[in-house]
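What follows is one structure encoded as structure tokens, with my remarks underneath.
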2 protein chains.
Amino acid sequence: MGEAGFATHDHSGCIEAGLARAGRICTAAGVRLTPIRRRVLEILLAEHRAMGAYEVLDRLAREGHPAQPPVAYRALDFLVRHGLAHRIERLNAFIACSHSGRDHAPVFLICRACGAVAEAGWQPGGGQIGAAARAHGFRVEAVVAEALGTCPNCRAAAP
Amino acid sequence: MGEAGFATHDHSGCIEAGLARAGRICTAAGVRLTPIRRRVLEILLAEHRAMGAYEVLDRLAREGHPAQPPVAYRALDFLVRHGLAHRIERLNAFIACSHSGRDHAPVFLICRACGAVAEAGWQPGGGQIGAAARAHGFRVEAVVAEALGTCPNCRAAAP
DNA sequence: TCTTGATATGTTATAATATAACCCTTTATC
DNA sequence: GATAAAGGGTTATATTATAACATATCAAGA
Ligand SMILES: [Zn+2]
Ligand SMILES: [Zn+2]
Ligand SMILES: [Zn+2]
Ligand SMILES: [Zn+2]
């Protein structure tokens with residue numbers, strides 16, 4: 001887990017660690033990591049990329065658990081609410097959180113070429129969004145920060 | 001025009017100035033500000049808020065120009081391509097640009113309570129997104145930066 | 001244990017957003 | 001005027017998301 005970024009990383013242990021962390025967070029928050037929620041998180045962790053809700057549904061169906069859209073959206077909503085996954089607005093898609101800390105404001109780097117998404121940390125209130133908010137008397141409650149571009153792997157492959 | 005932000009501003013002249021600027025930009029770029037494109041921009045400028053594509057369509061219909069979805073999406077796409085409007089990912093909506101300069105990377109402050117959207121400037125390559133991109137070897141080509149929260153007017157009304 | 005309220009899931013139907021594809025019209029250029 | 005390029009009209013459909021309601025599961029207290 002952690003700041004994998006675009007580096008090819010050893011994916012083994014990634015899923016296990018993510019699930020363990022999810023269990024801890026849910027216990028601490030007094031909420032239930034039910035089988036469906038857990039399975040959706042597993043799927044996101046295993047793919048390690050942004051997936052649409054219907055893509056998750058397809059995966060569930062192929063794994064022998066056919067379900068209707070609300071099932072996926074509820075599970076994804078739960079995961080997002082508890083910081084275990086994030087919604088990428090630009091892609092209408094969801095990705096497992098790869099950040100260890102809780103209550104974080106992530107910024108995403110989205111590769112146009114290969115679709116890989118890296119999650120980086122963000123200092124709420126800092127940087128240019130914070131400055132703009134202060135200048136306008138605006139109180140920030142949530143931030144969507146997504147950069148589209150090309151990752152180092154794709155630039156190396158086709159410069 | 002310019003940095004209206006959340007301050008109540010004198011809206012007269014706003015539309016006219018926006019259209020004049022659009023004409024200059026299109027002429028300079030060698031593209032055509034056709035009647036439909038112009039009318040959609042007028043609508044966005046007049047409302048001075050983020051509008052969904054179907055909301056724009058409704059407006060067109062009520063103004064005596066009934067049209068199908070592709071008409072609105074084509075016009076909005078044109079306006080976005082040429083920097084005359086922006087897409088707010090978080091809202092699936094579009095807003096006329098309120099920034100004078102060309103080739104700018106805006107950051108939006110979106111009020112949850114009243115729906116008002118302020119557009120602030122952004123230094124591409126600067127701030128925390130720039131830092132994260134450099135740290136990951138990522139080349140940024142476009143940025144989505146949107147903050148949700150409450151504007152000063154709404155906080156004053158219901159603190 | 002039995003009731004009971006809260007939470008979660010199953011299911012149907014539909015809303016909201018967006019695009020593909022085709023044909024015709026308008027515009028710019030030769 | 002012929003021709004190519006760009007834009008608009010239209011139909012149909014894809015994609016994303018939610019409302020609403022029935023059923024099932026869980027957590028505690030009586
Ligand atoms: Zn995260
Ligand atoms: Zn890539
Ligand atoms: Zn702008
Ligand atoms: Zn407000």
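Each chain gets a letter, A, B and so on, in the order the sequences are listed, and its residues count up from 1.
- The aromatic rings of A/His11 and A/His48 sit perpendicular to each other, their planes meeting at more than 60°, with 30° as the lower class boundary.
- Looking at A/Glu89 and B/Val144, their side chains never come closer than 4.5 Å, going by heavy atoms from C-beta outward.
- Judged by closest nucleotide on DNA chain C, A/Val71 is the one of B/Tyr73 and A/Val71 placed further toward the 5' end.
- Ring geometry, B/His104 versus B/His99: the interplanar angle falls under 30°, so the pair is classed parallel (tilted spans 30 to 60°).
- We find that CD of A/Glu89 is positioned 9 Å from P of D/dA17, with the value rounded to whole Å.
- Residue A/Arg90 contributes atom CZ, which lies 18 Å from atom P of D/dT15 at whole-angstrom precision.
- A close approach under 4.0 Å does occur between a side-chain nitrogen or oxygen of B/Thr34 and OP1 or OP2 of D/dG8.
- Put simply, CG on A/Leu76 is 15 Å from P on C/dA8, counting in whole angstrom units.
- For the pair A/Phe94 CZ and D/dT16 C1', the computed distance is 9 Å after rounding to whole Å.
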Could you write nucleotides 21-30 of chain C as a row of B, S and -, 5' to 3', where a protein heavy atom under 4.0 Å of any base atom gives B, of only sugar-phosphate atoms gives S, and otherwise -? B-----SS--
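- Residue B/Leu60 contributes atom CG, which lies 12 Å from atom P of D/dG8 at whole-angstrom precision.
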Worked verdict on A/Arg81 versus A/Asp77 for salt bridge (charged side-chain N to carboxylate O under 4.0 Å, His left out): CA-CA 6 Å; A/Arg81 277 199 323 270; A/Asp77 183 58; 2.5 Å; yes
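- The shortest distance between the side-chain N/O atoms of A/Arg39 and the OP1/OP2 oxygens of C/dT9 is not below 4.0 Å.
- Between the C1' atom of D/dT18 and the CG atom of A/Asn92 lies a distance of 14 Å, rounded to the nearest Å.
- Counting heavy atoms from C-beta on, the side chains of A/Glu119 and A/Ile95 never come closer than 4.5 Å.
- For the pair A/Glu55 CD and D/dA14 P, the computed distance is 18 Å after rounding to whole Å.
- For the pair A/Glu63 and A/His65, the minimum side-chain heavy-atom distance is 4.5 Å or more.
- Within the 4.5 Å cutoff, no side-chain heavy atoms of A/His86 are placed close to those of A/Leu79.
- Across the interface with DNA chain D, nearest-nucleotide mapping of B/Pro69 and B/Ile36 shows B/Ile36 to be the residue nearer the 5′ end.
- Applying the 5.5 angstrom centroid cut-off and the 30 degree plane-angle cut-off, the aromatic ring of A/Tyr54 is not stacked upon the base of D/dT15.
- Nearest nucleotide to the A/Arg37 side chain, out of C/dT19, D/dT16, C/dA8: C/dA8.
- The distance from atom NE2 of B/His65 to atom C1' of D/dG9 is 9 Å, rounded to the nearest whole Å.
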